[in-house]
Amino acid sequence: MSLTFAIIKPDAVERKLTGEILKRAEAAGLTVVALRRLHMTLAQAEGFYIEHKERPFFGDLTGYMSSGPSVVAVLSGANAQPAWRTLMGATNPADADEGTIRKELAVDLEKNSVHGSDSETSAAREISYFFSELDIV
Ligand code: UDP
Ligand code: MG
């Protein structure tokens, strides 16, 4: 069993897709072991996406991620990190496989509904950015 970090992004929370997205994670065998709704500040979004600081989309992305409530979660399961990325689909919903969350639910490249850690190292950093060890049960 391993852990990964997920965000249901503001576009999906606003459209009341939280339950739909968590249902897909659970249906795929993942367990929601921590869950919280929050409204990120711009500074929190900038810290979370620090790896993208030099990218042209950084300002728009962090503005969007702090534009409304999102839901952050820790998912547990066999190979949770790649398993959740597979369920999410490609970053750009136009390139995402049929049946993936981004293909079926995302709005566009930026408002792509979900986040998932891209490696085990990222998962550890991202989980600890939003949760304490005591939150994970
Ligand atoms: N993003 C964007 N424009 C781009 C690439 C990414 O707005 O050209 C946004 C999008 O919301 C994406 C996030 O920035 O999910 C982080 O980008 P990354 O390349 O890490 O994609 P992900 O890991 O989320 O698939
Ligand atoms: Mg990423």
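Atoms within a ligand are numbered from 1 in the order they appear, just like the ligands themselves. Residue numbers start at 1 and run along the sequence shown. What you see is a predicted model; the values in this text were computed from it and never measured.
- Protein heavy atom closest to atom 11 (O) of ligand 1, with residue, atom name and distance, is Glu110 O, 2.8 Å.
- Using cut-offs of 30° and 60° for the angle between ring planes, the Phe48 and His115 rings count as perpendicular.
- The cluster map of Ile, Leu, Val, Met, Phe, Trp and Tyr, joined by side-chain heavy atoms under 4.5 Å apart, puts Ile101 and Val32 in the same cluster.
- Cluster membership for Phe5 and Leu22, using ILVMFWY side-chain heavy atoms within less than 4.5 angstrom, is not shared.
- Of the candidates Asp11, Leu109, Asp108, the one placing a heavy atom closest to atom 8 (O) of ligand 1 is Leu109.
- Proximity of Lys9 to ligand 1 is established by a heavy-atom distance of less than 4.0 Å.
- Looking only at protein heavy atoms, the nearest one to atom 25 (O) of ligand 1 is Thr91 OG1, 2.5 Å.
- Formation of a donor-acceptor pair under 3.5 Å by the Ser132 side chain with backbone atoms of Leu134 is found in this model.
- In summary, the atoms of ligand 1 found under 4.0 Å from a heavy atom of Asn112, numbered by their order in the structure, are 10 (C), 11 (O), 12 (C), 15 (O).
- The protein non-hydrogen atom at the shortest distance from atom 4 (C) of ligand 1 is Phe57 CD2, 3.4 Å.
- Taking a cutoff of 4.0 Å between a charged side-chain nitrogen and a carboxylate oxygen, Lys111 and Glu14 do not qualify as a salt bridge.
- Cation-pi contact between Arg36 and Phe130: absent, since separation from the ring centre below 6.0 Å together with deviation from the ring axis within 45° is not met.
- Residue Leu61 has at least one heavy-atom neighbour below 4.0 Å for each of these atoms of ligand 1: 9 (C), 11 (O), 13 (C), 14 (O).
- The nearest protein atom to atom 16 (C) of ligand 1, hydrogens excluded, is given as His52 NE2, 3.7 Å; this is a heavy-atom distance.
- Residue contacts with ligand 1: Arg85 is included, with a non-hydrogen atom under 4.0 Å away.
- Between the side chain of Ser2 and the main chain of Ala80, a donor-acceptor pair closer than 3.5 Å is present.
- Summarising the contacts of atom 24 (O) of ligand 1 with Met65, Arg55, Arg102, Glu51, the nearest heavy atom is found in Arg102.
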